[in-house]
Each structure stands twice: as C-alpha cells, then as structure tokens.
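As a basis for the values below, the full set of heavy atoms in this structure was taken, side chains included, without hydrogen atoms, waters or symmetry mates. Chain naming here is simple, since letters A, B, ... match the order of the sequence lines and numbering starts at 1 in each.
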Amino acid sequence: MKQHLHTLFTQALEQLKTDGIVPVEAQPSVHIERARDAKFGDFACNLAMQLAKPAKQKPRDLAALLIERLPASDSIEKVDIAGPGFINIFVAASTQYAVIPQVLAQKDAFGHSHTGQGQKVLLEFVSANPTGPLHVGHGRGAAYGAALGQLMRAAGFDVFCEYYVNDAGRQMSILGMSVWLRYLELCGEELTFPSGAYQGDYIWDIAADVHRANGDAFRHAANLVFADVVADEADGGDKDKHVDALIVKAQTLLGEADFNTVFETGLNTILDDIRRDLSGFAVEYEHWFSERSLTGTGLVDKAVKTLQNNGYVYEDKGALWFRSSDFGDEKDRVLVRDDGRPTYFASDVAYHLNKVERGFDHLINIWGADHHGYIPRVQAAMEAMGTNKEQLTVLLVQFATLYRGKEKLQMSTRSGKFVTLRELREEVGTDAARFFYVMRKSEQHLDFDLELAKSQSNDNPVYYIQYAHARVARVLERLEEQGKTWVHDETHLGLLDTEHEQALLTRLSRYPEMIEAAAKAYEPHQIAYYLRELANEFHSYYNAHKIIIDDDSLRNARLSLSMAVQQVLRNGLALLGVSAPEKM
RNA sequence: GCCUUGGUAGCUCAGUUGGAUAGAGCGUCCCCCUCCUAAGGGGAAGGUCACAGGUUCGAUUCCUGUCCAGGGCACCA
C-alpha cells in the first residue's frame, strides 16, 4: 500500500512539473508515512510542504493542486488537507480488510519480503573464547545475533550464521596449563594455583575427567613444576610471566602429545558445553569456524603475504607491522611478533579474507562494545586486501547488568565468579531471557531484572504477548466446546467496523513494513515493541467485544481477525526465538 | 587527551530518511469479572526531550560547543 501511494504521488508530482506549477529541477523525496493518529487517516504525505519553497506557493494551496492530479485508485477512500499542509490519506475499507486473507493464506510466511534480494550475508556472533562457560554477557550477543539472523532471513537475505572458535593462542595455553595444575592437585600434589590461571570450578571438573581417563600418567612433582619459575604477583613477581613460565613447564614436562591431550580435553569439554548452551537457548549456527584451521592451512601466511604484496607491511624491532594508519587507524598494528608467532589480529585478518573468498556479499560481525577500538584496524585490513570496506558491518552490543529486583549483581570473569547463561536460563527460562535481551536497542546498556523476567504477571512483557496468543487458542477451544466451527468468509469482513477492529487491521497491515525497517536497521527490538502493541490492542478488543456470539457472519469475521492476530504474534515471536504457547 | 555510545515522565525505555497535541511499560491513585483464562481491560496524575547556540516554513530528531555517565585506546583475546 505504501508502495502504491508512493507511485501515485510521484505521478502527481510529475504532472505538477508538466503543468509548470513546480520547477522541473525540484527533487523532493516523496515520503509516505503512517499517520500517528486515526483521525489523520491511515497515511500522510508532506510533499506539499516540501514544494512550498521552490514553487513559491502556500503549502495548503499546493496540496490541493497535488490532490487534483492524483491518479484515481480503488484503494483510496478519500484524501484530506490538514494542519500546515499535510495530505492525509484514508484507505478504502476493502483494502483494509484484505490483510486478513493475506495473513491467513501466507501463514508463517506473512511479513516476508524480498528486500534482501537473496544477498549472501555472513553473520558472525558470540564467538566467545572456549576458555569457560558462556556468561550472561554472551547471552545478549547470542540473542541479538540469532534474532537478527531470523529477521534478515524474513526480509529476504540469505543468512549464514557462524561462530568463530578462538582455539589457538595464549589464552588456550593458559587453559591447558590451568587444567593440568588442577589435575596435579587431584593427584595429591600441593601447590599454589596461579592468580593468572582460570579460577572457575569448571576447571576442576575437566581436571577430574583427565584424571579419570589417564590416572596418574601426567603427574609430576609440584616442586619440580614450580622450580625456576618466575614468582607470582602475590610473591612480588609478575602474574603474566609466572603463567607463561608455567605453560613452558607444562609443555616440556608433559611433552607435546600429553599436553595436547590435556588441552584438547579442556577445549572439547568447554566447546561441547557452549554448543549445548546455545542450542538450549534456541540459537543455531550453520558453521563453527576454528581459528586453528587458519594456521593449519596456511591461511594466516597467505593473508600476511597479501598485505605484503600490496605494500602495507614493514618490519620494525623484529616484528612485522601492518600500516593500518594508512586507512584511518590511529596506529599501525603488529601482525607477527618478534618471536615469530602471529598475533590474534593476524588470524583475524586471515579469517576476514577467508570470509570474503567464500563469496559472501556482506559480512556482519556482532561484537561486545569493549571491542569497538578494534573496528578501524579490521576495516583497514579489508581495504588493504583490496575489498570494499563497506562490505563489513560491525554491530556493537553494550553490556547487560543483572539485577535481582533493586540489587545489582556484581560479576567478575577473572575470579570465576559470574552468572552463567545456563544459570540464567534455568532461573528465568529461555523465552523470557531471549525476549529481555532483545527488548532494548543493542547499543543501549541493558538492565536485566531477574525478578521481572521470572514474574508471571502483566509486568512481564513476554507473558503479556504469549497470553494474547494463548487467548486466541482458548477462544477456538471454547468454540468447539459449543459445537461450533470457524468458517473463514471474506465477504463478511466488512462487519469489522468497530474502533478496536480497525486498529487491529491497521496494526496487522504494518507488520511487513516493520520487518523491512527493522531488518534494514539491524534492530530486532522493533519486533518486540510491535508485538507488545499488537498484544495490547488484542487484549483491549477482547475485553470490549465478545468473539463467540450468535450472529454467524460477525462471529466468523471476528474469528478470522483473531486468527490473523494469532498468526502474526506467532510469526513475530518466532523471529525472536520465543515460543508461542497454546495454553498458559 | 583521543575515539565511541548514551542523557526523553519518579523508574526502565520507544520515538518510523526533520512534521500535526512527544509515547509505552512499571510505580502511584480510581474503576471493571452472574461475561470466550483478571497472566486481562478502562481512566487520572506525571515532561524545560541534559544545557547553549546554529540550519529550517518547522528540530527530541541534523550541525557545533559545553556538562554528565558507560565503554575503549597492547607484540591480550
């Protein structure tokens, strides 16, 4: 409808130019917007006000001239001039009602569009280091990413979701070493656990697995392990050097094969846990991409070479640097350290090169807001490798703060004291968690109140929306109990003339526009708000009018409307990964 | 210091490429089930859209500056 009106007004504009009322060079943007109040009709156009200046005429006069030249259309009931020069459009009743058969026919596909034109999009999100369980901070990225993926699919994009597994590098070595030390403690060795190692209880669990499978085979005397190792911070030494020295000790004492056994046990245990966690959170990936596969297949070397060949790499103090400052980054970045090991950044360059080579039209990364300083260098790398930097979009997700009522929950990853995503799911349920995470714009800080998410009351928007869905199901149930059946008959939809019904019809017809706008802006929260409105209007309707009445025609019309509402609620909730229960 | 995201009702937040009287939920106050689930509905009160300039017929929206808050500025990931 919006499209249709756009076409009509563009034609009228051209006619005004032909008639010499508006100068030919005027290029106003024809903007059709939804009226914010029913008394202003259904749509409004501000074209006349834009033309006032170039045409040197009063907006309201121009509006009249514009309307005279508007091509006739069956979809339009009438047009009005209002306020400073708005043209208000009232849509014909028959067009209004058409949305019901549309929803009922298209079912789950209602609201889908082709705006994405099948563009191939790689959506990377969460990508947390497999060094511990996912916590509530990751949950937001997961919920946002999954919802965005579904949303973009609905808008006609070909979305491929990927999790980048950082299974290489120092953090992983620390993980292996941490597991080993806990294992030694299980063997009966006494030692002081390093402050820079992973403190969480899950390390004990993994160590126990290693011990069950291998007995004392990897045991070495604690005093031997800690001999000649730089002191920890608590003993006046350096935390990081202490950890690094212990990693070397672990590798030499155990040998590569045994260290790998310990390390792999840790990695696989945690990764399996993460997979289970996300899948239980209704977050699915097409692919899990291993960082180690990059080094293993020489892709990192290839990426560095590509940058080198393009002339953006130089050597300084034994390290290889990428001249990212040529592309707007604030300083150059190291690719290969002076000891020959590639940096995390080098892997990332390789990963992005690989993404482009896999033929994706558009890359979207969802990162925590703390990584925002990283964006310029990755974009610089994209440009330096000869790809368009527009091809990469980085979306930032701000932190979530957990509250239990008024009380703020303190968290710290370092000490291993954090609320895991699993605990959150177990406490508030997947539906509430998924919804609360995407309820806010992603770049907004999020206050997540556990009490509210758990509460089964109208304070809780999730239940509110689900309840509207369940109510329709209940109506249908009652209908059957009374020995009646719902017969969808388009010819009686005209009976839906109450204010409540009109409001619902308008709301339903806006769903496709909302999906399109939300996908374009990467804003799944728009779905949450829309659903709240729709549920609200349905609840009002339900209270004001009885659906199961004696009049067959009106009853069936109301049932058709209710079923359409239920369908759209279901579609929207599905995009957010929230269930639509038949009964509550 | 530089970069970045915010500042809208008591609280948490929306606000459609600049438009008509700035909205919602919670909280507060009042009201509605002999009626399809009251996990619901109706109503009231509540605002200097942080502040100051600028652009515009028109600014919560765009530009500049100031103040306040979160985050970031590694040969860590």
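- Taking the six-membered ring where tryptophan is involved, the planes of A/Trp367 and A/His371 are tilted, since the angle between them lies from 30° to 60°.
- The ring of A/Phe289 has its center no closer than 6.0 angstrom to the ring center of A/Tyr163.
- Contact between the side-chain N/O atoms of A/Lys441 and the OP1/OP2 oxygens of B/G6 is not found at any separation under 4.0 Å.
- Here the separation of B/A24 from B/G46, taken at their P atoms, is 14 Å to the nearest Å.
- For A/Lys520, there are no salt bridge (charged side-chain N to carboxylate O under 4.0 Å, His left out) partners, not counting sequence neighbours.
- A/Asn556 and A/Lys484 share no donor-acceptor pair across their side chains, judged by distance under 3.5 Å alone.
- Using the six-membered ring where Trp is involved, A/Tyr464 and A/His539 have ring planes that are perpendicular, over 60° apart on the 30 and 60° scheme.
- Base contact: A/Tyr344 has a heavy atom under 4.0 Å from a base atom.
- Between the side chain of A/Lys520 and the base of B/U16 there is no donor-acceptor pair of N/O atoms closer than 3.5 Å.
- Comparing the P positions of B/C62 and B/C2 gives an interatomic distance of 22 Å, to the nearest angstrom.
- No close placement of the A/Tyr314 and A/Phe322 rings is indicated, their centers lying 6.0 Å or farther apart.
- Against RNA chain B, the stretch residues 325-332 of chain A makes heavy-atom approaches under 4.0 Å through A/Glu330, A/Lys331.
- The separation of B/U28 from B/C11, taken at their C1' atoms, amounts to 12 Å, rounded to a whole angstrom.
- For A/His545, the ring-ring contact (aromatic ring centres under 6.0 Å, His included) partners two or more places apart in sequence, or in a different chain, are A/His500, A/Tyr541.
- Partners of A/Arg333 by salt bridge (charged side-chain N to carboxylate O under 4.0 Å, His left out), not counting sequence neighbours, listed by chain and number: A/Asp329.
- With sequence neighbours excluded, the residues that form a ring-ring contact (aromatic ring centres under 6.0 Å, His included) with A/Tyr164 are A/Tyr351.
- Taking only side-chain atoms of A/Tyr542, from C-beta outward, the nucleotide of B/A20, B/C36, B/G40 with the closest atom is B/C36.
- In this view, A/Glu516 satisfies the salt bridge (charged side-chain N to carboxylate O under 4.0 Å, His left out) rule with no residue, not counting sequence neighbours.
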What nitrogen or oxygen pairs link the protein and nucleotides 42-46 of chain B at under 3.5 Å?
residue : atom : partner  : partner atom : Å
B/G42   : OP1  : A/Ser540 : OG           : 2.8

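- Listed by residue number, the members of residues 466-478 of chain A with any heavy atom below 4.0 angstrom from RNA chain B are A/Tyr467, A/Ala470, A/Arg471, A/Arg474, A/Val475, A/Arg478.
- Where A/Ala544 and A/Phe345 meet RNA chain B, the nucleotide closest to each residue was compared, and A/Ala544 sits on the side nearer the 5' end.
- Across B/A20, B/A77, B/C75, the shortest atom-to-atom separation from the side chain of A/Asn129 is found for B/A77.
- Remark: aromatic rings of A/Tyr522 and A/Tyr144 are distant, center separation not under 6.0 Å.
- Residues that satisfy the salt bridge (charged side-chain N to carboxylate O under 4.0 Å, His left out) test with A/Arg341, not counting sequence neighbours, are A/Asp339.
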Distances for protein N/O vs nucleotides 68-71 of chain B N/O pairs under 3.5 angstrom?
residue : atom : partner  : partner atom : Å
B/G70   : O2'  : A/His445 : NE2          : 3.3
B/G71   : N2   : A/His372 : ND1          : 3.2
B/G71   : N2   : A/His372 : NE2          : 3.1

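- A/Ala35 comes within 4.0 angstrom of nothing in the nucleic acid, heavy atoms only.
- Within 4.0 Å of A/Lys39, counting heavy atoms only, lies at least one base atom of the nucleic acid.
- Across all strands shown, A/Asp447 has heavy atoms under 4.0 Å from sugar-phosphate atoms exclusively, and none from any base.
- Every residue meeting the side-chain contact (heavy atoms from CB on, under 4.5 Å) condition with A/Ala528, not counting sequence neighbours, appears here in chain and number order: A/Phe435, A/Leu576.
- Spacing between B/G6 and B/U12 at atom C1', rounded to whole Å, works out to 14 Å.
- Judged by atom type and distance alone, A/Asp348 does not reach the base of B/A77 through any side-chain donor-acceptor pair under 3.5 Å.
- The shortest distance between the side-chain N/O atoms of A/Tyr464 and the OP1/OP2 oxygens of B/G41 is below 4.0 Å.
- For the C1' atom pair drawn from B/G53 and B/A9, the interatomic distance equals 27 Å after rounding to whole Å.
- Between the side chains of A/Glu499 and A/Gln502, no donor N or O sits under 3.5 Å from an acceptor N or O.
- In the set B/C75, B/C36, B/G40, B/C75 carries the atom at the smallest distance from any side-chain atom of A/Lys317.
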Restricting to nitrogen or oxygen on both sides, can you table the protein-nucleotides 56-61 of chain B pairs closer than 3.5 Å?
residue : atom : partner : partner atom : Å
B/C57   : OP1  : A/Lys53 : NZ           : 2.7

